[in-house]
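Here the structure is a predicted model, which is why all the values come from computation and not from measurement. The figures that follow rest on heavy atoms only: side chains count, while hydrogens, waters and symmetry mates do not.
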Amino acid sequence: MLLEIKDLNVSYKTVNGVASILEDFQLQMQEGQIVSIVGESGSGKSTLGQAVTKLLPMSGIAEGQILLNGTNIVKLREDQMTEQRGTEVFMIFQNPLNSLNPVKRVGSQLIEAINIRNTRKKENLTEELMYEEAVETLKIMRLPDPDEIMKRYPHELSGGQVQRVVISMAIILKPKLLIADEPTTALDVTIQAQVINLLKQLNREYKMSIIFITHDLSLAYVLSDRIIVMYAGRIVESNPSESLIKSPLHPYTDGLLKSVPTDYKTSGTLFSISGSPPSFFDMPVGCRFNLRCPKVFEKCREEEPKLRGRTDGSSVRCWLYE
Amino acid sequence: MINETNKIKNDSESKLIRKRRDRSNFLKLMSKDKTAIIGMVIVVAFLGWSAIQGLLEYLSGYTGYSYLSYILLPSNPFHTVLADRLLAPSSKTVWMWFGTNFEGESIFSRMLYAMPRDALVSVIVVFSAIAIGAILGIAAAYRGGWLETIIMRLTDSFLAIPALILVIAISIPLRATYSGVILGLSIVWWPTYTRFFRGQVLRVKNMDYVQAAKINNVKPRNFFIKYLFLNSIDPIIAYAALDFGNVILTYSTLAFLGIGLSVPIPELGAMASNGLQFLPADWWYSFFPGISILIIVIGFVLVGDRYQDLINNRIDY
Amino acid sequence: MNSALILYIIRRTIYAVVSLLFIITIVYLLIHAVAPSPLALAKVYAGPGHTSKSQLLAIIKEYDLNAPLPNQVLNYISNIFHGNLGFDPSFHRPEIDLIGRYLPRTLELVIPALLFSMLLGLYTGAFGASKRRKAGDQVVKGVYLVTWASPPFLVAIFLQVFFAYDLHLLPATGLVNPVLLTPKDVTGFPLLDALIAGDFTYFVSLIHHMILPVVAIGLLSFGIITRLTRASMLDTMESEYFKLGLMKGISRKRAVYTVALRNASIPIVTLLALTFGYAVAGAVVVEDIFSYHGMGWFIVYAITNLDYIAILGTTIIIAISIIIANLAADILYGVLDPRVKLE
């Protein structure tokens with residue numbers, strides 16, 4: 001087991017009181033797996049990535065267990081976590097234009113990553129070898145003229161190029177777990193596909209496990225083995241990708257699937273789930289989705305369902321399946 | 001498309017409502033921080049005292065009953081008893097708390113007597129600066145073009161010289177009177193606000209909800225006040241709260257240098273300056289007036305600081 | 001150095017010259033607003049005391065105060081560029097000579113004070129941000145708020161009473177030990193002159209007398225740097241490149257003091273000129289208290305003697321030095337930030 005998350009709760013202290021952003025989160029991941037976390041903004045999906053990498057904002061508190069290779073990250077001190085970051089777990093961020101240090105050349109930022117691996121694994125690489133490796137990695141990323149890119153500053157690259165530089169850091173550090181937090185959201189559609197393919201390549205060639213955080217169900221389907229759907233801080237459904245798309249269990253998943261535009265030309269209108277996600281300070285009683293659910297009944301308004309595992313390896317949080 | 005616009009409209013309204021709720025929450029949020037409470041207590045005490053004592057001083061000048069001006073003070077601030085000169089602070093009687101000066105006058109009474117003038121300077125200078133700054137800054141941001149260039153060059157040029165130096169240069173030919181200092185300070189104090197208003201209006205102008213308000217044909221007057229002015233004023237209020245302190249500092253420094261008041265009327269900075277020649281033996285002469293300025297200014301700084309944190313969402317809960 | 005940077009520097013230099021002309025014009029027009037007639041202006045120029053009508057007329061003639069306003073402004077500017085700041089009525093010497101004597105002494109205070117406050121501000125700001133909400137942050141905040149909110153004379157008086165009068169560690173007043181012989185004036189800067197003459201005792205005495213004023217000026221102006229550094233650090237520490245740095249496996253401490261501080265220091269550079277202005281204003285009071293005969297002391301002397309020519313001359317010189325500081329800050333900014341480009 002590479003990653004096992006048990007009963008993870010994340011909350012923030014705010015002026016209006018404590019807000020629970022992530023509650024009762026469970027996840028089990030084998031080596032080489034790709035899991036997608038899908039949800040609207042505010043569903044807690046990005047908070048998950050921050051909890052696993054221990055990069056929560058100051059006011060955030062994580063409780064529960066996050067076992068990465070058996071080490072409980074929640075309990076680690078900052079200096080112990082530093083040892084985990086990079087070579088064990090690595091994260092790619094959403095906004096490529098702000099992902100690289102603006103005052104340092106691309107090359108030196110790549111070499112810094114190589115140097116960290118070099119020190120940890122005691123490889124004793126020379127400066128020249130490190131430079132060559134950085135150039136090689138840029139070539140793998142199919143970046144044109146890698147020698148030139150090494151000399152550039154981040155603001156002289158395009159968003160897609162920066163994102164590829166960041167992914168090449170993942171190749172350099174070879175983390176066992178890679179977290180990609182909406183890495184394609186800020187990119188053009190054509191570049192999106194390239195980045196998705198690169199992630200697949202990382203998974204195939206380096207056996208890297210990936211947690212792919214996205215709001216885009218179709219991207220999640222293309223990339224991952226399993227999809228976890230989040231709503232208002234909770235997992236509502238976890239299912240292998242294929243069966244989630246073909247036979248979704250939770251009404252929310254169903255709604256998400258229906259709102260993916262597939263057939264613009266034949267059907268005139270695009271489906272959308274009515275209403276908007278609840279505020280963290282004003283959660284509905286019972287199931288958190290009950291205000292927007294088309295299949296809502298009495299019980300949903302009284303008591304919140306638990307996340308139940310099913311025989312086929314899926315799990316769902318819904319009274320319809322009790 | 002209709003949906004889109006409605007969504008923007010809803011967003012913009014909820015944003016405005018949230019802002020309003022924030023304002024009504026203001027005191028509650030301010031009071032969650034102990035230092036901010038201290039700041040507010042100091043500011044309220046200082047302004048309150050200045051209002052009452054200032055009114056009494058005005059009335060005494062108006063009616064000619066001079067004792068009105070020190071009816072609330074522990075002693076007559078102009079009562080010179082040469083036998084009492086340079087007495088060390090003592091807790092025996094209130095008027096001796098902070099000792100006496102070379103003329104045997106109570107330093108505590110003189111400090112209390114002096115405060116309304118500091119309050120008046122800061123209020124006049126800050127408000128005139130906001131008024132001038134708002135007009136010039138909003139005009140620059142709204143009209144743009146050559147008007148903006150001229151206004152901003154002028155602003156930058158003023159900002160290049162420290163306010164203290166510029167006020168000295170202006171108020172000397174004004175014969176360095178109290179009103180001369182107020183005029184001098186007002187002439188040099190507006191540029192920061194001009195920059196502020198311009199920056200804020202440029203920022204707010206392009207926000208979604210302001211654009212949406214434009215699309216939805218909000219009345220010009222409403223648009224200007226509700227959407228532009230109220231949404232850009234917050235950081236300026238926070239800065240102004242700090243700035244009362246800055247004005248008092250500059251004013252007392254001018255008084256320390258001998259610019260401002262005629263000799264018999266007590267002034268905090270001037271008292272500190274007069275006490276200099278009795279250092280270090282009769283330390284209280286300079287010390288208490290100086291420390292009182294420090295406390296007053298800290299009060300304003302704490303309030304402004306907390307307000308700024310609230311606006312920037314940098315609250316330490 | 002790339003061509004974009006060189007162009008940027010040229011543009012900034014032109015900009016500096018333009019603001020200088022602007023400032024001189026403004027200062028000149030301000031006196032005109034205050035003293036609207038040639039005769040009133042002549043009285044301001046003549047200083048206090050009785051001045052006869054013929055003397056006033058002579059002043060009007062000397063400074064050409066009857067000419068149309070634009071001509072006067074141009075005249076005034078051309079005089080300044082020729083180093084002519086008028087003739088001091090109380091010292092009976094050309095103003096430029098007096099400023100030439102006092103300005104270097106003040107620069108010897110203000111420049112070390114500026115360095116001191118920059119380093120102190122950057123360090124305390126970074127420290128406060130890295131210890132956000134903890135005791136260290138609160139202490140830093142307390143210290144800078146107190147120094148920032150205290151009237152300049154209070155800080156100076158405190159240092160003087162405590163370190164000079166109570167502990168007898170350093171001299172309380174003066175520029176140098178008055179018993180010592182002044183070395184030959186070569187550069188105008190006492191420290192440099194002492195070094196050139198090889199007069200080590202004089203040099204040490206100068207340093208001794210400088211310490212308290214420098215610390216006083218530095219303490220008065222570092223708060224704004226701390227505050228901005230802290231805010232700017234918190235911004236960069238929330239940025240994705242800071243998090244990516246941590247993600248690579250750099251320790252938090254290293255990330256704070258290299259990645260975040262390096263980026264956060266860029267906006268601080270723009271404060272350089274502002275802080276320089278603060279320091280000069282602080283020097284006026286500090287020099288008065290420590291009887292340190294520099295520009296600040298000269299200004300206070302001019303105030304008490306209502307010597308307007310001196311006030312005007314010093315104001316212009318201070319404006320010029322701040323504009324030069326501004327230009328230096330701009331250039332430094334261009335060097336530090338690779339994103340600088342032609343707007």
Side-chain angles (χ1 to χ4, degrees), chain B residues 35 153-154 156-166 168-176 180 183-184 187 245-246 248-250 252-254 256-259 268-269 272-273 275-276 279-281 283 286-287 289-291 293-302 305 308 312 314 316-317, chain C residues 18-20 22-23 25-27 30-31 33-35 40-41 44 132-133 137-138 141-142 145-146 148-154 157-158 160-161 164-166 172 227 231 234 273-274 277-278 280-282 284-285 288-289 299-300 302-304 306-308 311-312 314-315 318-319 322-323 326:
Chain B
T35 54
R153 278 295 128 282
L154 193 70
D156 285 350
S157 308
F158 264 96
L159 282 175
I161 313 179
L164 182 75
I165 308 282
L166 206 51
I168 292 175
I170 297 173
S171 35
I172 290 285
L174 290 171
R175 289 300 172 229
L183 185 62
I187 290 175
N246 289 336
I248 292 175
L249 276 183
T250 310
S252 59
T253 306
L254 287 168
F256 179 88
L257 297 175
I259 299 175
L268 297 175
S273 167
L276 264 191
L279 280 178
W283 54 273
S286 286
F287 179 77
I291 218 84
I293 298 170
L294 170 66
I295 290 171
I296 293 167
V297 177
I298 279 194
F300 284 110
V301 171
L302 288 179
D305 217 41
Q308 228 153 36
N312 298 337
R314 276 254 169 67
D316 300 348
Y317 304 107
Chain C
V18 171
S19 3
L20 182 61
F22 232 85
I23 289 177
T25 314
I26 288 171
V27 172
L30 277 176
I31 349 165
V34 173
L41 206 57
V44 170
R132 187 176 175 196
R133 282 179 212 177
D137 190 17
Q138 304 294 335
K141 191 171 179 180
L145 280 187
V146 168
W148 186 7
S150 62
F153 49 84
L154 195 66
I157 291 173
F158 174 79
Q160 190 184 43
V161 169
Y165 290 132
D166 281 357
R227 195 178 147 88
L234 290 180
L274 186 71
Y278 271 30
V280 171
V284 175
V285 174
D288 182 38
I289 289 169
I299 290 177
V300 178
I303 292 172
T304 23
L306 290 176
D307 179 352
Y308 199 65
I311 301 267
L312 209 54
T314 47
T315 307
I318 287 172
I322 289 173
I323 283 175
N326 224 329

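The distance from atom CD1 of C:Ile322 to atom CD1 of B:Ile165, rounded to the nearest 0.5 Å, is 7.5 Å. To the nearest 0.5 Å, atoms CD1 (C:Ile23) and CG (B:Leu154) are separated by 10.5 Å. How far CH2 of B:Trp283 is from CZ of C:Phe158: 12.5 Å, rounded to the nearest 0.5 Å.
With sequence neighbours excluded, the residues satisfying side-chain contact (heavy atoms from CB on, under 4.5 Å) with C:Ser150 are B:Leu294, C:Leu154, C:Val155.
Most heavy-atom pairs under 4.5 Å with chain B, from the set C:Val280, C:Ile323, C:Ile311: that is C:Ile311. The choice from C:Ser19, C:Ala281, C:Ala40, C:Pro151 that makes the most heavy-atom pairs within less than 4.5 Å of chain B is C:Pro151. The most heavy-atom pairs under 4.5 Å with chain B, out of C:Lys141, C:Gln160, C:Arg227, come from C:Arg227. Note on C:Asp288, C:Val161, C:Thr315: by heavy-atom pairs under 4.5 Å with chain B, the leading option is C:Thr315. Interface remark: of the candidates B:Leu164, B:Leu302, B:Leu249, B:Leu249 forms the most heavy-atom pairs closer than 4.5 Å to chain C.
Minimum interatomic distance between C:Phe153 and B:Ser252 (heavy atoms only, all atoms of both residues): CE2-O, 3.9 Å. What you find for B:Val301 and C:Ala149 is that their closest heavy atoms are CG2-CB, 4.4 Å. The minimum heavy-atom distance between C:Tyr308 and B:Ala169, with the atom names listed, is OH-O, 2.5 Å.
For a residue to count as touching a neighbouring chain, one of its non-hydrogen atoms must lie under 4.5 Å from one of that chain's; by this rule B:Ile298 touches chain C with backbone and side chain alike. Heavy atoms closer than 4.5 Å to chain B are found in the side chain of C:Ile318, but not in its backbone. The part of C:Ile299 that comes within reach of chain B is its side chain, from C-beta onward, which places non-hydrogen atoms under 4.5 angstrom from that chain. Neither the backbone nor the side chain of C:Ala273 comes within less than 4.5 Å of any heavy atom in chain B. Of the two parts of B:Ile296, neither the backbone nor the side chain holds a non-hydrogen atom closer than 4.5 Å to a non-hydrogen atom of chain C.
In this structure, the side chains of B:Phe256 and C:Ile289 come closer than 4.5 Å at one or more pairs of heavy atoms. B:Ile161 has its side chain within reach of C:Val27: a pair of non-hydrogen atoms, C-beta onward, lies under 4.5 Å apart.
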